[in-house]
Protein chains: 2
Amino acid sequence: MTARAAAKPQPKTDRGERTRRKILSAASAEIGRRGFSVTSISDITAAAGVGQGTFYIYFESKEDVLRELVLQLGRDLRHHLSGAIARTKNRLEAEREGLRAFIEFVRGNPGLYRIIEESQFVDDAIYRRHYMDFAATYRSALEVAEQRGEIRKGNAEVRAWALMGMAVLLGQRYGIWDVATPLDDVIGPAVDLIGRGIQP
Amino acid sequence: MTARAAAKPQPKTDRGERTRRKILSAASAEIGRRGFSVTSISDITAAAGVGQGTFYIYFESKEDVLRELVLQLGRDLRHHLSGAIARTKNRLEAEREGLRAFIEFVRGNPGLYRIIEESQFVDDAIYRRHYMDFAATYRSALEVAEQRGEIRKGNAEVRAWALMGMAVLLGQRYGIWDVATPLDDVIGPAVDLIGRGIQP
DNA sequence: CATTCATATGACGATCAATTCATGTTTGAC
DNA sequence: GTCAAACATGAATTGATCGTCATATGAATG
């Protein structure tokens, strides 16, 4: 499940580069829409408009493609989030804008969300790394905010995972299953919970 | 993926009942250990010690078994949690004991946890129902606590999903990936977050 | 324009899992 | 103890995907 074969060499021409991208992009669309396990390699190559054998010029296996997609999505999401948080002036505002950006991202890319979650059952290591990376970033941000006195002292590691968990399930609930509820109706209560908790 | 075929009739003899259970239990063990997609029906029947054809006397397909496992796990988990919460005397205590019981359950049954999560990619409807059911219960509990003045007023639906999300990812992080950290080191900070939030 | 490397193809063989079914065994009601 | 219904079996069929390979085309170089 986590076995790594020798990676395929990078394409050496523009044409190769383009073809590789076509395959990756078709894989993202097909897997995002129908799921990893039911998508066959020939589904992907058909969607990409290339021959079946072409796939194996650039990738070892379907798992290999998924790994690359997860990494790519991680980068995209990170970029999207850091853009949203950039101009906030304290931690709670960052939580608000980060959560909003996350659910927006999910609404805009439901398939991509599913790809990451399903990667757990294909290559646990890559899924884990995805979350570990986000957690590490989150944790640092919380520690900085703590230093600055923007938030109470607390266990930043546990907090990071708890807050990520909130975002993940709210993303599922309000980003995929229900895209009708206005985001403000979700963000408001969620940020209130993050900021002040439930106690009177 | 969500297609439902005519359900198989219940066994009519003790022997039948026993065989059906053997298959379900073997399926739970195998799928929990190795994952749904890589487990074949013959893996399951071999582990159960029955012939391959026997499987089809009781189940339509592997998906059919998974549905039943998810329902069963939902009942088990609900039972485990309500037992843990029963004697708590306010909402925050219930959050504490519920979270502890949940992560304990995950540590004790990592495979079961994976079964529920993977069901999302096999039969989305059953996975969704699982969460919807828990959310409905959670929401009611929060509304009652609100009535009693045990917690501040707030959007119980959003809160329920946010808190479930926290539990799910903390369960992943501290129930599956890291089972060495003492639970109190996790529960404490998490309940502090739930109770008072991060603001100073 | 000749040569060479990179890229592209899709038919084909190997593999594997799902499901059926003809046949045999067990159970329990009478 | 008989008998019909329920249950059990695993070999055989079916269907689908993977991954390879012989062959062909494209592009760049001198």
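Numbers restart at 1 for each chain; the letters A, B, ... are given by sequence-line order, proteins then strands.
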Between CG on residue A:Leu142 and CD on residue A:Glu95, distance to nearest 0.5 Å: 6.0 Å

If you measure from CZ on B:Phe102 to CE on B:Met164, what distance do you get to the nearest 0.5 Å? 10.0 Å

OP1 or OP2 of [N] versus the side-chain N and O atoms of [X]: is any pair under 4.0 Å?
| X | N | answer |
| --- | --- | --- |
| A:Thr13 | D:dA27 | no |
| A:Thr19 | C:dA8 | yes |
| A:Thr54 | C:dT9 | yes |

Separation of [N] [atom2] from [X] [atom1] (nearest whole Å):
| X | N | atom1 | atom2 | answer |
| --- | --- | --- | --- | --- |
| A:Lys22 | C:dT7 | NZ | P | 14 Å |
| A:Phe59 | C:dA8 | CZ | P | 12 Å |
| B:Ile57 | C:dT19 | CD1 | P | 15 Å |
| B:Arg18 | D:dA6 | CZ | C1' | 13 Å |
| B:Glu17 | C:dT26 | CD | P | 20 Å |
| A:Lys62 | D:dT17 | NZ | C1' | 9 Å |
| B:Lys12 | C:dA29 | NZ | C1' | 15 Å |
| B:Gln52 | C:dC21 | CD | P | 16 Å |

With heavy-atom distances below 4.5 Å as the criterion, would you say the side chains of B:Asp185 and B:Thr181 are in contact? yes

Using a heavy-atom cut-off of under 4.0 Å over every strand shown, decide if A:Ile41 touches base, sugar-phosphate, or nothing. sugar-phosphate

Classify the nucleic acid contact of A:Tyr58 as base, sugar-phosphate or nothing, counting any heavy atom under 4.0 Å across all strands shown. sugar-phosphate

If you check the B:Arg15 side chain, which of C:dA18, D:dA6, C:dT7 turns out closest? D:dA6

Picking from C:dA17, D:dT17, D:dG19, which would you name as closest to the side chain of A:Tyr56? D:dG19

Using every non-hydrogen atom in the two residues, find where B:Arg33 and B:Glu30 come nearest and quote the distance to one decimal. NH2-OE2, 3.0 Å

Taking all heavy atoms of B:Leu183 and all of B:Arg100, pick out the closest pair and write down the distance. CD1-O, 4.0 Å

Relative to the 5' end of DNA chain C, which residue comes earlier, B:Phe55 or A:Val50, by the nucleotide with the nearest heavy atom? A:Val50

Quick one: on DNA chain C, does B:Ser61 or A:Gly49 contact a more 5' nucleotide (nearest heavy atom)? A:Gly49

Dot-bracket for DNA chain D, please. Rules: Watson-Crick or G-U, both distances under 3.5 Å, ( ) within the strand, [ ] when a pair crosses earlier ones, | for another strand, . otherwise. ||||||||||||||||||||||||||||||

Measure up the A:Trp177 and B:Trp161 rings against each other and bin them: parallel (under 30°), tilted (30 to 60°), perpendicular (over 60°). perpendicular

Is the distance from the ring center of A:Tyr127 to that of A:Tyr131 below 6.0 Å? yes

